[in-house]
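Comments concern the structure below.
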Amino acid sequence: LLKKEKQSNFVQLDRPLFHSCSVEMETLCGDVDRTKAGSMFACLEKYKHHGNINPKCRNQISRRQRLMAMDYEVAAPLAHDCNQDIQANTCHMNLPDPNQGFLRLFEVIKCLHEAEKAPLSPTCEKRVLFMRKRLMGNVDLSHELLKSCMHYTNGVC
């Protein structure tokens with residue numbers, strides 16, 4: 001696995017997030033299976049706007065969400081569950097800027113959602129639906145997402 005994929009699988013490898021959210025991981029997410037990839041971050045994300053979460057932790061969760069939105073490989077569960085589907089549907093070939101070197105999460109999700117070359121595996125289809133809900137439910141990213149998707153929405157609406 002790439003370093004960024006490993007970091008996104010396990011919170012303890014993202015040192016700023018781990019240190020800023022250690023109390024929240026114990027108090028709010030103490031019952032989470034830490035061996036399950038991505039589970040601790042999903043828990044932290046769920047409690048991001050909880051009244052007892054400290055601002056440093058909230059900021060680190062937001063930082064991680066922005067990283068995930070900018071590069072789908074940081075969203076390791078999607079990269080893992082949909083790797084073959086991404087290859088089969090040539091989603092990895094749709095770089096908007098070849099010098100950019102990464103695919104934004106919404107571009108991968110859009111490509112998979114519109115998959116025509118190969119049907120999605122059930123695992124990937126479930127993950128895509130989950131990630132779409134996650135992105136659209138994230139108030140902090142919605143402005144960035146809308147701004148980035150403007151050329152798509154203008155053509156459709």
Side-chain angles (χ1 to χ4, degrees), residues 1-14 16-18 21 25 29 32-50 57-157:
L1 288 176
L2 297 170
K3 182 180 178 184
K4 59 186 166 186
E5 289 178 272
K6 287 181 182 177
Q7 283 183 333
S8 60
N9 275 330
F10 302 102
V11 170
Q12 62 269 30
L13 297 177
D14 183 337
L17 180 70
F18 181 74
C21 298
M25 287 189 290
C29 304
V32 169
D33 179 1
R34 293 172 188 241
T35 62
K36 186 176 175 189
S39 60
M40 182 58 73
F41 183 71
C43 178
L44 289 172
E45 203 172 29
K46 181 172 76 174
Y47 289 108
K48 179 180 173 183
H49 295 290
H50 189 273
C57 179
R58 186 176 292 117
N59 290 340
Q60 287 301 318
I61 295 168
S62 293
R63 176 191 59 83
R64 175 77 159 267
Q65 289 172 323
R66 284 191 302 275
L67 289 172
M68 289 170 65
M70 291 302 300
D71 186 351
Y72 88 97
E73 289 180 340
V74 177
L78 178 77
H80 178 266
D81 291 348
C82 297
N83 186 46
Q84 291 179 339
D85 302 274
I86 290 167
Q87 300 298 319
N89 286 287
T90 61
C91 296
H92 62 293
M93 304 300 280
N94 296 332
L95 287 171
D97 176 1
N99 298 321
Q100 186 175 317
F102 58 83
L103 269 173
R104 287 180 285 214
L105 183 59
F106 77 87
E107 291 165 336
V108 172
I109 291 173
K110 181 180 184 303
C111 176
L112 291 171
H113 180 70
E114 297 171 349
E116 294 178 2
K117 295 181 181 175
L120 300 182
S121 67
T123 304
C124 180
E125 193 169 349
K126 184 178 174 183
R127 179 62 62 187
V128 167
L129 180 61
F130 174 78
M131 293 303 289
R132 284 179 65 202
K133 288 179 182 177
R134 192 177 189 179
L135 272 176
M136 296 313 292
N138 185 339
V139 177
D140 297 330
L141 287 178
S142 60
H143 174 70
E144 290 178 44
L145 183 63
L146 287 174
K147 189 171 76 175
S148 298
C149 295
M150 191 68 73
H151 63 282
Y152 293 124
T153 55
N154 284 341
V156 175
C157 299

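Everything numeric in this text was worked out from a predicted model, so none of it was measured. Nothing fancy with the numbering, it's 1 onward along the sequence.
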Report the distance from atom [atom1] of [X] to atom [atom2] of [Y], rounding to the nearest 0.5 Å.
X	Y	atom1	atom2	answer
Q65	E45	CD	CD	4.5 Å
H49	I61	NE2	CD1	8.5 Å
R127	I109	CZ	CD1	10.5 Å
C21	Y47	SG	OH	14.0 Å
N59	L17	CG	CG	11.0 Å
L112	L129	CG	CG	12.5 Å

Applying side-chain contact (heavy atoms from CB on, under 4.5 Å), can you list everything that pairs with [X], at least two apart in sequence or on another chain?
X	result
Q84	none
P16	D14, Q60, R63
A115	N89, L120

Which heavy-atom pair separates [X] from [Y] by the least distance, and what is that distance?
X	Y	value
S121	D85	N-OD1, 2.9 Å
C29	M40	CB-SD, 3.5 Å
V128	C82	CG2-SG, 4.1 Å

side-chain hydrogen bond (donor to acceptor under 3.5 Å, both in side chains) evaluation trace for S39 with D33: CA-CA 7 Å; S39 60; D33 179 1; 5.9 Å; no
From CA spacing to verdict: side-chain contact (heavy atoms from CB on, under 4.5 Å), C91, E107: CA-CA 8 Å; C91 296; E107 291 165 336; over 6 Å; no
Take M131 and H113 through the test side-chain contact (heavy atoms from CB on, under 4.5 Å) and record every step on the way to the result. CA-CA 11 Å; M131 293 303 289; H113 180 70; over 6 Å; no
Any side-chain heavy-atom pair from F18 and L13 closer than 4.5 angstrom? no
Measure the shortest side-chain to side-chain distance between K48 and S62 over non-hydrogen atoms and say whether it is less than 4.5 angstrom.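 Yes. Closest side-chain heavy atoms under 4.5 Å.
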Counting distance only, does the side-chain N/O of R58 pair as donor-acceptor with the main-chain N or O of H50 below 3.5 Å?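 Yes.
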